[in-house]
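Only one structure is covered here, and it is reproduced in the block below.
Residue numbers start from 1 in every chain, and the chains themselves are labelled A, B, ... in the order their sequence lines are given, proteins ahead of strands. This structure is a prediction, so every number in the text was calculated from the model and none was measured.
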Number of protein chains: 2
Amino acid sequence: MPKAQRMAQMLTVAEEIFAEQGYLATSMDEIAERVGVSKPMLYEYFGSKEGLLIGCIHRARTELREKTAAAISGAASPEEFLRLGLLAFFEFIDEHRRSWALLRQEAAVAVPSAQEEVEGIRQQQTDMIGAVLASFTPEIDPLEAEAFAEIVVGATERLAVWMERRPSVGPALATDYVMNVIWPGVARKLPEPAQPA
Amino acid sequence: MPKAQRMAQMLTVAEEIFAEQGYLATSMDEIAERVGVSKPMLYEYFGSKEGLLIGCIHRARTELREKTAAAISGAASPEEFLRLGLLAFFEFIDEHRRSWALLRQEAAVAVPSAQEEVEGIRQQQTDMIGAVLASFTPEIDPLEAEAFAEIVVGATERLAVWMERRPSVGPALATDYVMNVIWPGVARKLPEPAQPA
DNA sequence: GCAGTAGGTTACTCGAAGTAAGTTACGAGC
DNA sequence: GCTCGTAACTTACTTCGAGTAACCTACTGC
């Protein structure tokens with residue numbers, strides 16, 4: 001099998017097993033076996049167990065970025081921008097429960113450089129939010145804009161975890177909940193009031 | 001040395017080393033050596049490496065609960081309650097940077113039952129918030145109250161991480177930021193408007 | 001039909017978690 | 001002031017999994 005295809009397959013299998021059992025409880029032998037290949041191949045392509053984990057996270061991150069970018073491209077107001085971005089995020093989670101669990105739980109902890117990868121995802125999100133906020137309300141305190149972006153990302157992530165425990169809550173409702181709490185606080189900072197829907 | 005005292009010492013040392021190097025990179029031999037005792041003693045008292053980690057988290061959780069409970073005991077309005085609770089949390093983080101890093105980064109992932117402990121801390125927080133919200137606004141949709149509590153906890157946690165990167169931001173300012181974003185959204189749900197400060 | 005290389009394997013080393021079996025310190029009862 | 005019981009502790013293992021060295025094989029271009 002050609003390298004690129006084999007790597008993709010390895011990532012898919014690894015993601016699944018990591019999410020199922022946790023990073024620590026998963027052995028490279030097990031992943032290799034489920035891929036149908038021997039352990040040194042994993043090391044050939046990913047260097048280490050940590051490298052494999054980072055590969056998984058990185059792929060998810062790329063997907064999320066692309067999906068989010070597409071979703072918000074048509075937004076005209078900060079409110080619409082926020083809503084579309086949140087919705088894209090929750091939909092991504094909904095479609096990728098496993099990789100999400102992996103990202104959120106497995107990586108954050110164990111492995112310093114994996115943590116950097118995860119941090120990179122958040123950076124991606126906070127930068128986006130911070131940038132849009134600043135572009136719509138130029139006179140906002142930059143520190144406060146940063147704090148705001150962090151708050152939104154934290155709230156969203158946590159609600160995504162909660163959503164898993166509450167099957168009746170889908171992406172749309174989750175988006176509503178976050179917007180309900182967060183939007184009034186932001187609207188006060190905006191130069192002109194957004195027209196109510 | 002008597003058991004209780006030795007256990008406390010072990011927890012202190014373990015917390016420090018875990019926070020310094022990460023859970024995975026820390027060996028039980030190293031902890032044992034820094035405690036000045038042999039490895040089987042750690043196993044005698046904590047059962048496993050995971051058990052030791054859980055012990056660390058559990059102790060921090062207890063401290064946080066006690067501190068928060070004391071802080072909010074005098075709150076008269078939901079706004080004051082929220083503000084005091086947030087402040088207590090940020091102050092706790094500020095005083096325990098190391099253990100906080102441990103809780104948030106090291107534990108969450110690697111070890112399923114450690115994750116449960118961390119989840120327990122969040123549960124503690126969300127329950128408290130949910131309860132107070134429900135008591136002040138009885139007619140609120142219970143699902144929405146839950147979502148709100150999750151949002152606050154997520155936002156707070158994330159901002160605590162951010163605070164570490166921004167030394168100029170202390171507990172008081174962090175509390176303000178969270179309140180600024182979140183309070184207007186909550187106030188709309190309350191039966192009577194809270195009097196503005 | 002042969003050379004070079006992409007894709008693959010077997011069979012190891014080494015470090016760290018966890019354990020079995022035994023040793024020492026010390027207070028209570030006679 | 002000796003001895004029994006037990007709490008606190010150690011040495012010396014086993015086991016398991018990450019990572020590696022060395023070797024094999026089939027295909028592609030010439």
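Residue B/Ser27 is classed as a sugar-phosphate contact, given heavy-atom separations below 4.0 Å to backbone atoms only. Residue contacts shown for B/Phe46 are absent, as no nucleic acid heavy atom lies under 4.0 Å away. Residue contacts shown for A/Pro2 are limited to sugar-phosphate atoms, with no base heavy atom under 4.0 Å away.
At whole-Å resolution of the value, CG in A/Leu42 and P in D/dG17 are 15 Å apart. Atom-to-atom, CZ of B/Arg6 to C1' of C/dA25 comes out at 13 Å; the value is rounded to the nearest Å. To the nearest angstrom, P of D/dT6 lies 24 Å from CE of B/Met1. The distance between atom CG of A/Asp29 and atom P of D/dT15, rounded to the nearest whole Å, is 17 Å. For the pair A/Met41 CE and D/dC24 P, the computed distance is 18 Å after rounding to whole Å. If you measure from atom CD of B/Glu44 to atom C1' of C/dA21, you get 14 Å, rounded to the nearest angstrom. Atom OH in B/Tyr23 sits roughly 14 Å away from atom P in C/dA16 (whole-Å rounding). Here the P atom of nucleotide D/dA12 and the OH atom of B/Tyr43 are 19 Å apart, to the nearest Å.
Salt-bridge annotation for B/Arg165 and A/Glu150: present, with a side-chain N of the basic residue lying under 4.0 Å from a carboxylate O of the acidic one. Between B/Glu44 and B/Lys39 there is no salt bridge, since no side-chain nitrogen of the basic residue lies less than 4.0 Å from a carboxylate oxygen of the acidic one. At a threshold of 4.0 Å, the pair A/Arg34-A/Glu15 does not count as salt-bridged, since none of the basic side-chain nitrogens sits closer than that to a carboxylate oxygen.
Distances from the side chain of B/Lys3 to the nucleotides C/dG8, D/dA8, C/dT10 place D/dA8 closest. Distances from the side chain of A/Met28 to the nucleotides D/dT11, D/dA18, D/dC9 place D/dA18 closest.
In terms of polar N and O atoms assigned as donor or acceptor, the side chain of A/Lys39 comes within less than 3.5 Å of the base of D/dA18 in a complementary pairing.
Between B/Lys49 and C/dA17 there is a side-chain N or O to OP1 or OP2 distance below 4.0 Å.
A/Tyr45 contributes no side-chain N or O that, together with a main-chain N or O of A/Leu52, makes up a donor-acceptor pair within less than 3.5 Å. A/His58 places no side-chain N or O within 3.5 Å of a backbone atom of A/Ile54 that could act as its donor or acceptor partner.
Sequence order on DNA chain D of the closest nucleotides to B/Val37 and A/Ser48 puts B/Val37 first from the 5' end.
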